[in-house]
Participant: 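Please read through the structure below; I'll follow up with questions.
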Amino acid sequence: MANNQTFTLQELLNHLLSVLPENLYVELQGADQSLQIRAMATLQTAQADEISFLANPNYRKYLASSDAAAVILHPNEVEHFSGPKIVCAQPYIAFAVLTSLFKRSPAQSQGVHSSAVVDASAEVDNSAWVGPNCVVQAGAQIGANSCLEAGVFIGEDVHIGQDCRLHSNVSIEAAVCMGDRVEIHNNTVIGSEGFGFAPTGEGWLKVHQLGSVLIGDDVEIGASTTIDRGALDNTVISDGVKIDNQVQIAHNVRIGEHSAIAACVGISGSAVIGKHCTLAGGVGLVGHIELADKVHITGMTMVTKSITEAGSYSSGTPMMPTEKWRRSAVRFSQLDKLAGTVRTLNKDK
């Protein structure tokens with residue numbers, strides 16, 4: 001599991017130059033090109049064989065005292081660090097690129113573990129891995145170089161593309177279809193029954209969910225997240241979408257390309273989210289509304305109507321001392337009476 005590989009600073013620079021756009025400035029300054037780097041760390045904790053980065057000016061105060069072998073930083077920050085540095089116009093992106101070199105990952109196996117149960121009609125590519133105690137049901141397809149870690153459940157007629165990784169105890173219910181390079185983290189459920197019930201005089205009548213879930217390429221879904229199958233049409237997660245842990249996505253939701261959703265977001269049924277949107281932690285969306293492209297919702301916001309223009313949107317009351325909050329809550333309950341008084345005064349003018 002451990003990644004014990006080391007890289008020289010020149011190798012790290014070469015990797016950045018091979019991945020980053022040509023118009024993005026990257027340069028090695030004040031460094032021995034052969035200096036060995038074994039890991040990445042924060043400015044506060046980095047040791048003499050580790051590389052760090054500065055992307056947020058709030059952490060500039062740690063530069064002078066950092067023991068890092070080298071630091072990735074913006075050209076405007078060069079004067080604040082006298083040691084070896086990789087200078088980049090986008091230091092956080094450079095940091096993200098280098099994390100792939102130091103990632104701790106188990107070696108990719110191939111084949112089917114002896115404890116896995118794979119239906120005879122399922123198709124598992126020879127380069128794929130089906131781990132211990134996995135279940136793969138009839139008609140399922142597992143693409144090349146994909147990996148099912150221990151305890152993964154794959155329902156009937158599920159299609160999993162190439163180079164996907166499903167971490168332990170993920171459940172993919174019947175007829176779900178996902179593209180290539182999808183990663184789904186532990187205990188997530190895809191294609192569960194949507195919350196559909198019709199009220200009757202004697203209680204609730206279940207509405208069976210007949211759609212499925214379609215997941216595009218290069219999607220990542222966090223741990224313990226649930227994405228419900230559609231009632232008739234499909235729930236759709238488009239290419240490049242990133243979803244955090246403990247997110248609830250209800251039936252028939254559609255999420256546009258390259259949108260990102262943080263932890264504990266709840267999205268009600270048939271909501272449509274545009275491309276390149278962001279939903280911060282704890283955001284809630286009511287059902288049957290639409291968000292335009294490039295809409296950004298700040299944390300704990302409750303979205304109750306469609307948003308037709310790009311931009312940042314917020315709701316809710318920020319934290320304040322409890323005594324002050326209680327006074328404000330009382331005043332909030334008095335707003336209707338106050339509005340009536342204002343209307344009366346205006347009529348008397």
Side-chain angles (χ1 to χ4, degrees), residues 1-106 167 183 185-186 220 222-223 242-246 260-264 278-282 296-300 312 314 318-322:
M1 187 71 177
N3 184 350
N4 297 317
Q5 188 173 1
T6 62
F7 301 90
T8 66
L9 278 177
Q10 185 63 48
E11 288 172 333
L12 296 182
L13 178 67
N14 292 343
H15 183 66
L16 290 173
L17 292 172
S18 69
V19 174
L20 295 176
E22 292 183 3
N23 63 348
L24 192 62
Y25 171 78
V26 183
E27 183 182 57
L28 184 62
Q29 293 185 9
D32 177 359
Q33 297 178 355
S34 63
L35 182 64
Q36 296 286 320
I37 305 296
R38 69 167 182 85
M40 306 190 79
T42 65
L43 289 170
Q44 302 97 303
T45 63
Q47 300 178 18
D49 54 358
E50 297 176 326
I51 190 169
S52 188
F53 74 102
L54 174 68
N56 186 334
N58 290 334
Y59 294 93
R60 183 186 298 140
K61 59 188 176 183
Y62 299 113
L63 275 175
S65 59
S66 179
D67 292 327
V71 176
I72 307 165
L73 39 68
H74 190 274
N76 294 343
E77 302 289 352
V78 168
E79 63 183 282
H80 299 293
F81 185 68
S82 59
K85 42 193 161 282
I86 293 178
V87 184
C88 180
Q90 294 284 352
Y92 191 70
I93 293 178
F95 156 74
V97 168
L98 293 185
T99 58
S100 65
L101 299 179
F102 297 97
K103 180 181 178 182
R104 297 171 179 263
S105 298
H167 293 261
E183 184 167 12
H185 292 272
N186 309 65
E220 183 161 349
K242 311 301 180 187
I243 300 171
D244 200 357
N245 305 329
Q246 297 180 330
I261 298 171
C264 299
T278 58
L279 275 59
H296 307 289
I297 309 297
T298 62
M300 302 301 291
S312 178
S314 304
M319 181 192 71
M320 62 185 75
T322 301

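Just so it is clear, the values below take in all heavy atoms, side chains as well, and ignore hydrogens, waters and symmetry mates.
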Participant: Quick one: does any side-chain atom of D244 pair with a main-chain N or O of G222 as donor and acceptor, under 3.5 Å?
Facilitator: no
Participant: Listing request: all side chain to side chain donor-acceptor pair (under 3.5 Å) pairs with a residue in residues 12-24, at least two apart in sequence or in separate chains.
Facilitator: Q10-N14
Participant: Testing the basics here: between A68 and F81, what is the closest heavy-atom pair and its distance to 0.1 Å?
Facilitator: O-CZ, 4.4 Å
Participant: To check you understand the geometry: which heavy-atom pair defines the closest contact between F95 and M40, and what is its length?
Facilitator: CD1-CE, 3.5 Å
Participant: Using salt bridge (charged side-chain N to carboxylate O under 4.0 Å, His left out) as the criterion, list what pairs up with D49, not counting sequence neighbours.
Facilitator: R38
Participant: May I ask you to check whether Q90 and Y92 show a side-chain donor-acceptor distance below 3.5 Å?
Facilitator: no
Participant: Are the side chain of T8 and the backbone N or O of S34 linked by a donor-acceptor pair below 3.5 Å?
Facilitator: no
Participant: Taking V71's backbone N and O only, do any of them form a donor-acceptor pair with S52's side chain (distance below 3.5 Å, no angle check)?
Facilitator: no
Participant: Compare every heavy atom of A48 with every heavy atom of A69, then report the nearest pair and how far apart it is.
Facilitator: CB-O, 3.1 Å
Participant: Rounded to the nearest 0.5 Å, what separates atom CG in L279 from atom CD1 in I243?
Facilitator: 10.5 Å
Participant: Assess whether atom CE of M300 is packed by more than 12 heavy atoms of other residues, nucleotides or ligands within 6.0 Å.
Facilitator: no
Participant: Got a donor-acceptor contact below 3.5 angstrom from the S66 side chain to the L63 backbone?
Facilitator: no
Participant: Say whether, by atom type as modelled, one donor and one acceptor occur between the side chain of E50 and the main chain of Q47 under 3.5 angstrom.
Facilitator: yes
Participant: Which value, rounded to the nearest 0.5 Å, describes the distance between L98 atom CG and I93 atom CD1?
Facilitator: 12.0 Å
Participant: How long is the gap from CD on E220 to NZ on K242, to the nearest 0.5 Å?
Facilitator: 6.0 Å
Participant: So, do L12 and L16 sit near enough that their side-chain heavy atoms are less than 4.5 Å apart?
Facilitator: no
Participant: Once rounded to the nearest 0.5 Å, what's the spacing between atom CD1 of I37 and atom CD1 of I51?
Facilitator: 5.5 Å
Participant: What are the two closest non-hydrogen atoms of D32 and L9, and how far apart are they?
Facilitator: O-CD1, 3.9 Å
Participant: Go through it in stages, so that I can follow the logic: the residues are I86 and E27, the test is side chain to side chain contact (heavy atoms under 4.5 Å, CB included), and I'd like the CA-CA distance, side-chain angles, deciding distance and then a yes or no.
Facilitator: CA-CA 6 Å; I86 293 178; E27 183 182 57; over 6 Å; no
Participant: Quick one, C88 and L24 - any side-chain contact, counting heavy atoms below 4.5 Å?
Facilitator: yes
Participant: Restricting to ring-ring contact (aromatic ring centres under 6.0 Å, His included), what partner residues turn up for Y62, sequence neighbours left out?
Facilitator: none
Participant: With rounding to the nearest 0.5 Å, note down the distance linking CZ in F53 to CG in L73.
Facilitator: 11.5 Å
Participant: May I ask you to decide if the ring planes of H167 and H185 are parallel, tilted or perpendicular, using 30° and 60° as cut-offs?
Facilitator: parallel
Participant: Distance from L54 atom CG to H74 atom NE2, nearest 0.5 Å?
Facilitator: 10.5 Å
Participant: Which is it for T278 and H296 under the side chain to side chain donor-acceptor pair (under 3.5 Å) test, yes or no, and what are the steps along the way?
Facilitator: CA-CA 5 Å; T278 58; H296 307 289; 2.7 Å; yes
